[in-house]
Amino acid sequence: MGRQQSSGARTGSVLRARLALLALLCSVLVPLVVAGLRSVLWALVGIAGVAVAAVGVWWTLAHTGVLRVLGLVLSVTAPLTVLSLYGASGMLGPACLSLALWMLAVASARTALAPPRTPLRPASAPRAPWVVMNPRSGGGKVGRFGLVDKARAAGARVVLLDGHQDVVDLARQAVAEGADLLAVAGGDGTQALVAEVAARHDVPFVVIPAGTRNHFALDLGLDREDPAAALEALTDGVELHVDLGFAADRVFVNNASFGTYASVVADPAYRDAKLHTTLRTLPGLLTGADAPDLRMRAGPTHVAGLQALLVSNNPYLRAVDSARPGRRERLDSGLLGVLGVRVANTSQAARLVRGARSGSVMRLRADEVVVDADTTDIAVGIDGEHVVLPTPVVCRTAPGALRVRVPRRRPGRPVTAAPADWPRVARLARGGRSAAAAERGSPHARDA
């Protein structure tokens with residue numbers, strides 16, 4: 001049976017690899033058939049439109065007054081102008097079709113190279129589960145979804161936060177009193193604090209997505225629209241081992257941000273007026289005297305002059321990735337993701353269209369990152385919470401440190417697709433021994 005399943009999975013991977021190559025070829029042929037060599041010119045027009053829009057966004061964020069208004073106009077009119085030109089020349093339809101085929105090609109390539117999932121064994125039900133809930137998180141999701149009564153019905157002891165308790169002390173006390181599972185219904189910041197206690201005492205941890213954004217829950221495959229569904233992990237769950245990130249001695253389950261975003265979050269007005277506060281403070285942070293000047297080193301890589309730096313617990317997918325943008329590929333790679341931005345003027349903003357080749361965007365993976373500045377301490381946004389840490393800040397990862405219990409039936413699934421490595425896709429598409437060799441060459445471990 002196992003051999004048949006393996007053979008079936010390999011056949012499916014070969015078919016998806018062939019679909020990826022066919023879609024990629026068609027994405028190139030469609031504009032060539034419609035416009036011939038003129039399609040190259042239309043591609044350049046599209047790139048120019050994106051570059052002008054990037055300049056507009058930069059002026060909107062980094063300046064005030066007339067330049068901000070002009071930037072807003074550019075960021076809107078540039079893409080609309082390109083779309084109008086495409087429409088007038090009959091290229092809008094072919095361009096959209098080509099883009100859709102390219103996205104299909106990338107998605108198919110990623111899934112073709114993804115390792116097979118390893119079935120997880122059901123976990124035994126906890127004897128004394130403990131749940132801490134923040135009734136104010138997510139606009140009152142705890143009360144709206146009846147989480148207190150449902151957790152108690154599942155046999156859990158529930159503690160409600162009133163804004164004055166120390167959640168770490170509460171979790172430690174719960175373990176000392178015999179709790180064999182810790183759970184949190186709240187935001188990612190609270191999740192991280194209790195997750196550290198669970199990891200330190202080697203007890204399972206359950207995420208109940210009752211916060212506002214719940215990025216950690218999303219990457220675990222949980223249903224963020226129904227927080228109560230996560231309680232099934234207490235009675236019908238499976239266990240994952242995921243990494244934890246550390247910024248100095250502070251744990252993060254998602255990311256630690258340095259520079260502009262961390263400074264914006266530090267403003268007391270940010271909680272009540274996010275957009276207004278961001279637009280008010282960004283010009284000074286990007287081009288004024290308050291602009292941060294961060295330095296980063298990770299192994300042999302040293303980068304200076306960064307305005308913003310994001311260190312994540314496992315790397316994020318690229319923002320333009322067709323398969324779940326803004327998601328993490330996995331939570332157990334044992335690596336930190338590093339994304340840095342360095343834009344000081346209009347020319348550098350325009351070059352952002354080139355991505356990592358622009359010199360303004362830096363992406364890498366590392367097991368340790370050191371962040372430094374010309375100040376004795378630095379503002380850091382840790383899972384959206386503002387803290388101040390002494391410099392330099394050493395960020396590291398603790399591979400597989402956290403035992404996360406999740407429902408066996410999850411509506412979402414963690415992202416497990418591999419990068420679109422086209423040479424490997426081509427070898428896989430040929431089938432036979434080449435396919436087996438391509439699968440064995442995957443650098444990605446199996447993910448549940």
Taking NZ, NE, NH1 and NH2 as the nitrogens, is one of them in Asp374 or Arg295 under 4.0 Å from a carboxylate oxygen of the other?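 Yes, this pair counts.
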Name all pairs fulfilling the side chain to side chain donor-acceptor pair (under 3.5 Å) condition that reach into residues 238-252, sequence neighbours left out, sorted by first residue then second.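 Applying side chain to side chain donor-acceptor pair (under 3.5 Å) to every pair that reaches into residues 238-252, excluding sequence neighbours, yields Glu239-Arg403, Glu239-Arg405, Asp243-Asn314.
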The single option from Thr391, Val303, Leu309 passing side-chain contact (heavy atoms from CB on, under 4.5 Å) against Leu294: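 That would be Leu309; it is the only one of Thr391, Val303, Leu309 passing the side-chain contact (heavy atoms from CB on, under 4.5 Å) with Leu294.
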Which heavy atom of [X] sits nearest to which heavy atom of [Y], and what is that distance?
{"X": "Leu234", "Y": "Ala125", "value": "O-CB, 3.6 Å"}
{"X": "Val242", "Y": "Phe216", "value": "CG2-CZ, 4.3 Å"}
{"X": "Pro204", "Y": "Asp180", "value": "CD-O, 3.2 Å"}
{"X": "Ala210", "Y": "Gly186", "value": "CB-N, 3.8 Å"}
{"X": "His164", "Y": "Asp162", "value": "N-OD1, 2.9 Å"}

For Ala179, all residues meeting side-chain contact (heavy atoms from CB on, under 4.5 Å), sequence neighbours excluded: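 Once residues adjacent in sequence are excluded, the partners of Ala179 under the side-chain contact (heavy atoms from CB on, under 4.5 Å) criterion are Trp130, Ala174, Leu182.
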Using the salt bridge (Lys or Arg N to Asp or Glu O under 4.0 Å) rule, collect all pairs that involve residues 130-158, keeping only residues at least two apart or in two chains.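 Matches after skipping sequence neighbours: Arg157-Glu177.
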What's the verdict on salt bridge (Lys or Arg N to Asp or Glu O under 4.0 Å) for Arg409 and Asp236, showing C-alpha distance, side-chain angles and the deciding distance? CA-CA 8 Å; Arg409 292 181 295 272; Asp236 186 18; 3.4 Å; yes
Is the shortest heavy-atom distance from the side chain of Asp166 to the side chain of Leu170 under 4.5 Å?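 No, side chains not in contact.
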Tell me, do Gln191 and Phe205 make a side-chain contact under 4.5 Å, heavy atoms counted?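 Contact flag for Gln191/Phe205 side chains = yes.
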Exceeds 12 heavy-atom contacts within 6.0 angstrom, atom CZ of Arg297: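 Not more than 12 within 6.0 Å, no.
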